[in-house]
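Down below is the structure, laid out as structure tokens.
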Amino acid sequence: MKNTNSLKRSYMINKALTYFFLILGAVIMIFPFLWMILTSSKTVPESMLIPPTFFPKQLMLDNFKEAIASLPFANLYWNTILMVFFRVVCAVLFSSMAGYAFAKLKFRGKNILFGIVLIQMSLPSQIFIIPQYQMVAKMGMANTIFALVFPGLVSAFGVFFLRQAYMSIPDEVGEAAYLDGCNQWQTFYKIMFPLTGTSVAALTIFTAVFAYGDLMWPLVVNSDLKMMTLSSGLSTLRGQFTTNFPVLMAGSLLAMLPMVVLYLIFQRQFVEGIAGTGGK
């Protein structure tokens, strides 16, 4: 009887500690988001008080009006949507074909080429900004949607990621397709590609999130405010000497609304894609 009570007590303590740390982690993660919402409704003096105040004395919805008046949000939304869409399409299309080739095909120089992909993954993306900008500038494509998409035409991470997915598919599947009369291209898009649906969904999520938050490249390649993305456009709200933090937070809140809406709509796909990839 004592052992049973001791086990129950130990179970309750472990359960309580687990919930405590989970709630603490949730509070830590959600606090910046709440602080952004509250700061967007404050006045400038309130946002700079030391010690800071948590709740505003009066809701200042004029900050949202000023943010909308300061930035062409319609253009920023459209540019961001196009950039994310084309980067996702390119990542899925080209990474799928390259990943399949590296995983299932035999050709001369395969290991050397895949080694180059791994080297590109190991290098910081910032070192590619200057040569990529020079390429875009020489093509006369600066301040265009193509310039925003250009670094995402080929994804080294996507190639490696989907190569691992194709390697997990038994070779017997491709051999059976060949015996049924499929050529290499038909085997790829009719048999192999549909089997990587979970990995493709995860790559889509990762690519969309990374593209949506990309700041440096859009800020470098597109100097025209109407051709910037949400992240680069918001950076223009920072002043050289002072920053209107309530307006900046209001603009940030408006900028993150599309991603929040997409997550709420495709929440199940987000979770399944990431969880399924982690299980492989």
Side-chain angles (χ1 to χ4, degrees), residues 29 32-33 36 73 75-99 102 116-133 135-136 141 144-165 196-222 227-236 251-278 280:
M29 293 181 67
F33 179 68
M36 178 180 66
F73 270 96
N75 297 90
L76 299 182
Y77 279 128
W78 181 242
N79 296 337
T80 304
I81 290 171
L82 290 178
M83 181 186 70
V84 171
F85 174 76
F86 285 115
R87 283 198 184 186
V88 167
V89 170
C90 291
V92 171
L93 181 62
F94 298 133
S95 297
S96 294
M97 292 189 290
F102 282 125
I116 295 174
V117 173
L118 295 179
I119 292 173
Q120 185 179 352
M121 284 182 58
S122 64
L123 296 175
S125 60
Q126 288 78 9
I127 69 172
F128 299 109
I129 289 180
I130 293 178
Q132 286 174 342
Y133 176 78
M135 294 170 67
V136 171
M141 299 298 290
T144 62
I145 298 298
F146 173 79
L148 298 174
V149 180
F150 183 71
L153 291 177
V154 179
S155 171
F157 168 75
V159 172
F160 173 78
F161 188 69
L162 291 184
R163 172 186 177 269
Q164 300 306 111
T196 61
T198 301
S199 298
V200 169
L203 178 62
T204 299
I205 293 168
F206 294 146
T207 304
V209 171
F210 293 153
Y212 192 83
D214 192 4
L215 170 63
M216 186 173 293
W217 174 253
L219 198 60
V220 169
V221 77
N222 283 2
M227 293 306 301
M228 289 184 178
T229 60
L230 288 167
S231 58
S232 57
L234 285 174
S235 66
T236 62
S252 301
L253 190 59
L254 292 172
M256 68 181 296
L257 285 179
M259 190 59 71
V260 172
V261 172
L262 284 176
Y263 176 77
L264 293 177
I265 295 174
F266 300 104
Q267 182 177 4
R268 184 173 61 85
Q269 287 80 359
F270 270 60
V271 175
E272 288 180 355
I274 296 175
T277 305
K280 286 196 173 186

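Note: hydrogens, waters and symmetry copies are ignored here, and every other heavy atom, side chains too, is used. In this chain, numbering begins with 1 at the start of the sequence shown.
- When all heavy atoms of Ala211 and Met83 are compared, the closest pair comes out as O-CE, 2.9 Å.
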**Study point:** Derivation and outcome, side chain to side chain contact (heavy atoms under 4.5 Å, CB included), residues Phe157 and Val117
**Key:** CA-CA 8 Å; Phe157 168 75; Val117 173; over 6 Å; no
- Task: With side chain to side chain donor-acceptor pair (under 3.5 Å) as the test, would you mind laying out the steps for Ser232 and Thr229 before giving the verdict?
- Result: CA-CA 5 Å; Ser232 57; Thr229 60; 3.2 Å; yes
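- Residue Met216 places its CE atom among 12 or fewer non-hydrogen atoms of other residues, nucleotides or ligands, all under 6.0 Å distant.
- Closest heavy-atom contact between Leu215 and Ser231: CD1-O, 3.4 Å.
- A pairwise comparison of heavy atoms in Leu76 and Thr80 identifies O-OG1, 2.7 Å as the closest pair.
- Heavy atoms from other residues, nucleotides or ligands lying under 6.0 Å from CD1 of Ile130 number 12 at most.
- At a threshold of 4.5 Å between non-hydrogen side-chain atoms, the residues Leu203 and Val200 do not count as touching.
- Thr207 and Thr204 form no side-chain donor-acceptor contact under 3.5 Å, judged by distance and modelled atom types alone.
- Annotation: side chain of Asp214 is in contact with side chain of Arg87 (closest heavy-atom distance under 4.5 Å).
- Looking only at distances, no side-chain donor or acceptor of Thr196 sits under 3.5 Å from a matching main-chain atom of Ser199.
- Annotation for Ala255 and Leu234: closest pair CB-CD1, 3.5 Å, computed over non-hydrogen atoms.
- Scanning all heavy atoms of the two residues, the minimum distance from Phe150 to Gln132 falls at CE2-O, 4.0 Å.
- The number of heavy-atom neighbours closer than 6.0 Å to CZ of Phe85, taken from other residues, nucleotides and ligands shown, is 12 or below.
- A tilted orientation is assigned to the rings of Phe73 and Tyr77, their planes being inclined by 30° to 60°.
- Taking the side chain as every heavy atom from C-beta outward, Met228 and Thr236 approach each other to under 4.5 Å.
- Contact annotation: the side chain of Trp217 approaches that of Val136 to within less than 4.5 Å [non-hydrogen atoms, C-beta and beyond].
- Side-chain contact between Met141 and Met135: absent, with no pair of heavy atoms (C-beta onward) separated by less than 4.5 Å.
- Taking each heavy atom of Leu162 and Ser95 in turn, the nearest pair found is CD1-C, 3.8 Å.
- At most 12 non-hydrogen atoms from other residues, nucleotides or ligands lie less than 6.0 angstrom from OH of Tyr133.
- Phe146 has its side chain out of reach of Phe86: every pair of non-hydrogen atoms, C-beta onward, lies at least 4.5 Å apart.
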